[in-house]
Amino acid sequence: MPELPEVETVRRGLAPHLLGQRIDTIVVREPRLRWPIPESLSRRASGHSVVSLMRRGKYLIAALDSGDRLILHLGMSGRLLVVDLDTPVEKHDHVDFELASGTLIRFRDPRRFGALLLWPSGEETHPLLEGMGPEPFDAEFNGAYLFRRSRGRRVSIKSFIMNGRIVVGAGNIYATESLFRAGIRPRRAASRLSRAECDRLVSMVRKILEEAIDLGGTTLRDFAGAHGEAGYFQQELLVYGREGEGCAVCGTLIKRVLVNQRSSFYCPHCQC
DNA sequence: CTGTTAACCTGAGTGC
DNA sequence: TGCACTCAGGTTAACA
């Protein structure tokens with residue numbers, strides 16, 4: 001479900017409720033996520049306040065006044081919802097954070113590809129965050145960087161920009177849309193992009209992600225922000241999910257191909 | 001090292 | 001209704 005704009009939308013919705021708040025209780029109903037929720041989580045985190053809520057790629061990181069940090073990932077179907085204490089528990093509501101304010105932060109994740117881990121105080125880094133590429137909005141992520149990193153790489157450019165070691169945040173939807181706007185076919189070898197194309201692609205990735213954040217993310221099926229609200233970027237999608245429709249620019253029929261087992265959409269006329 | 005594939009898991013949708 | 005099948009916004013472990 002959530003790519004960078006969706007995670008950022010959740011972060012912004014959550015922050016006002018979480019910052020400065022003490023976590024009274026953590027209720028874990030189902031610890032079997034992507035990795036098991038650490039048994040020590042509840043003991044270590046309850047009684048402590050949240051001092052910051054950051055995003056790194058598609059991870060959310062909540063720092064506590066103890067120095068411990070909670071790492072959250074929404075996987076494909078995860079949600080973090082702000083609800084009242086008496087809100088009935090639904091089938092896939094795996095974890096509740098009960099705050100001193102009387103608000104509940106509820107983690108729901110039907111497919112359980114998400115994660116909730118502890119990054120203990122004093123540990124410089126966490127294995128999951130180590131080796132991550134730059135944020136797309138960092139100055140480090142620019143045309144020169146993409147050009148340099150892509151030399152000699154035979155993988156498709158789509159897989160390349162979805163690779164979190166190159167740049168974080170672009171998932172299937174936004175990689176697909178960025179490539180359309182940059183005029184590059186998803187299956188082109190990364191090594192065969194010109195420097196000018198790298199410039200264009202970088203600026204399109206940034207632009208798309210920025211616009212998607214402004215519109216509260218993309219809701220195709222079930223993405224929702226912290227208050228259950230849908231995003232609006234799906235209205236801006238020009239190729240994703242539009243196989244067989246006419247291209248918005250030239251009218252040519254949009255094609256669907258598989259790139260590493262993921263659906264990709266492109267216009268055979270606008271993208272080469 | 002690079003690149004490809006299967007795997008994790010549930011639910012929604014489709015066709016018979 | 002039921003069954004079989006496909007697909008879904010992510011990531012990594014295991015392989016060639």
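Order of the sequence lines sets the chain letters (A, B, ...), proteins ahead of strands, with each chain counted from 1. Just so it is clear, the values below take in all heavy atoms, side chains as well, and ignore hydrogens, waters and symmetry mates.
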Centroid distance below 5.5 Å plus an interplanar angle below 30 degrees: do A/F113 and C/dT11 meet both conditions?
no

Strictly below 4.0 Å: does A/H73 bring a side-chain N or O up to OP1 or OP2 of C/dT11?
yes

Between B/dC1 atom P and A/R151 atom CZ, what is the distance in whole Å?
21 Å

Whole-Å distance between C/dG10 C1' and A/L72 CG?
15 Å

Check whether any side-chain nitrogen or oxygen of A/H92 sits under 4.0 Å from OP1 or OP2 of B/dC9, and answer yes or no.
no

Applying a 4.0 Å non-hydrogen cut-off, can you work out what A/F233 is touching in the nucleic acid: base, sugar-phosphate, or nothing?
nothing

Classify the side-chain pair A/N260/A/K158 by whether it contains a donor and acceptor separated by less than 3.5 Å.
no

Tell me whether A/R148 at atom CZ has more than 12 heavy atoms from other residues, nucleotides or ligands lying less than 6.0 Å away.
yes

For B/dG11 and A/K91 - does any side-chain N or O of the residue sit under 4.0 Å from the phosphate oxygens OP1/OP2?
yes

Could you check whether A/F160 gets within reach of a base, just the sugar-phosphate, or nothing at all, counting any heavy atom under 4.0 Å?
nothing

So, is A/Y59 near the phosphate of C/dT11, with a side-chain N or O under 4.0 Å from OP1 or OP2?
no

Ring-base stacking, A/F223 with C/dG9 (5.5 Å, 30° cut-offs)
no

Nearest-nucleotide pick for A/R111, side chain only, options being C/dA8, C/dG10, B/dT2:
C/dA8

Distance in angstrom units between A/M132 CE and C/dT12 C1', rounded
13 Å

Can you measure A/R55 atom CZ to C/dG10 atom P for me and round it to whole angstrom units?
14 Å

Does A/S263 put a side-chain nitrogen or oxygen below 4.0 Å from OP1 or OP2 of C/dA8?
yes

Closest nucleotide among C/dG9, B/dT10, C/dG10 to the A/E6 side chain:
C/dG9

Need one value for A/R221: base, sugar-phosphate or nothing, where a base atom within 4.0 Å counts as base even if backbone is also close, heavy atoms only.
base

Going by modelled atom types, is there a donor-acceptor pair between the base of C/dT11 and the side chain of A/R34 at under 3.5 Å?
yes

Cut-off 3.5 Å, side chains only: do A/T218 and A/Y174 have a donor facing an acceptor?
yes

For a 4.5 angstrom cut-off between non-hydrogen side-chain atoms, does A/L117 reach A/L70?
no

C/dT11 P sits how many Å from A/L128 CG, rounded?
10 Å

G-U wobble or Watson-Crick pairing nucleotide for C/dG9 (cut-off 3.5 Å, both distances):
none

Whole angstrom value for the distance that separates C1' of C/dT11 from CZ of A/R112
16 Å

Which one is paired to B/dC9, where only Watson-Crick or G-U wobble pairs with both distances under 3.5 angstrom count?
none

To the nearest angstrom, how far is A/R165 atom CZ from C/dT12 atom C1'?
11 Å

Regarding A/R149 and A/Y145, is there a side-chain donor-to-acceptor distance under 3.5 Å anywhere?
yes

Do we see a donor-acceptor contact under 3.5 Å between the side chains of A/S121 and A/D68?
no

Among B/dT2, B/dT5, C/dA8, the nucleotide that comes nearest once only the side chain of A/Q261 is considered:
B/dT5

For A/N260 and B/dT5, what is the distance between atoms CG and C1' respectively, to the nearest whole Å?
9 Å

Distance check: side-chain N/O of A/R262 vs OP1/OP2 of C/dG9, anything under 4.0 Å?
yes

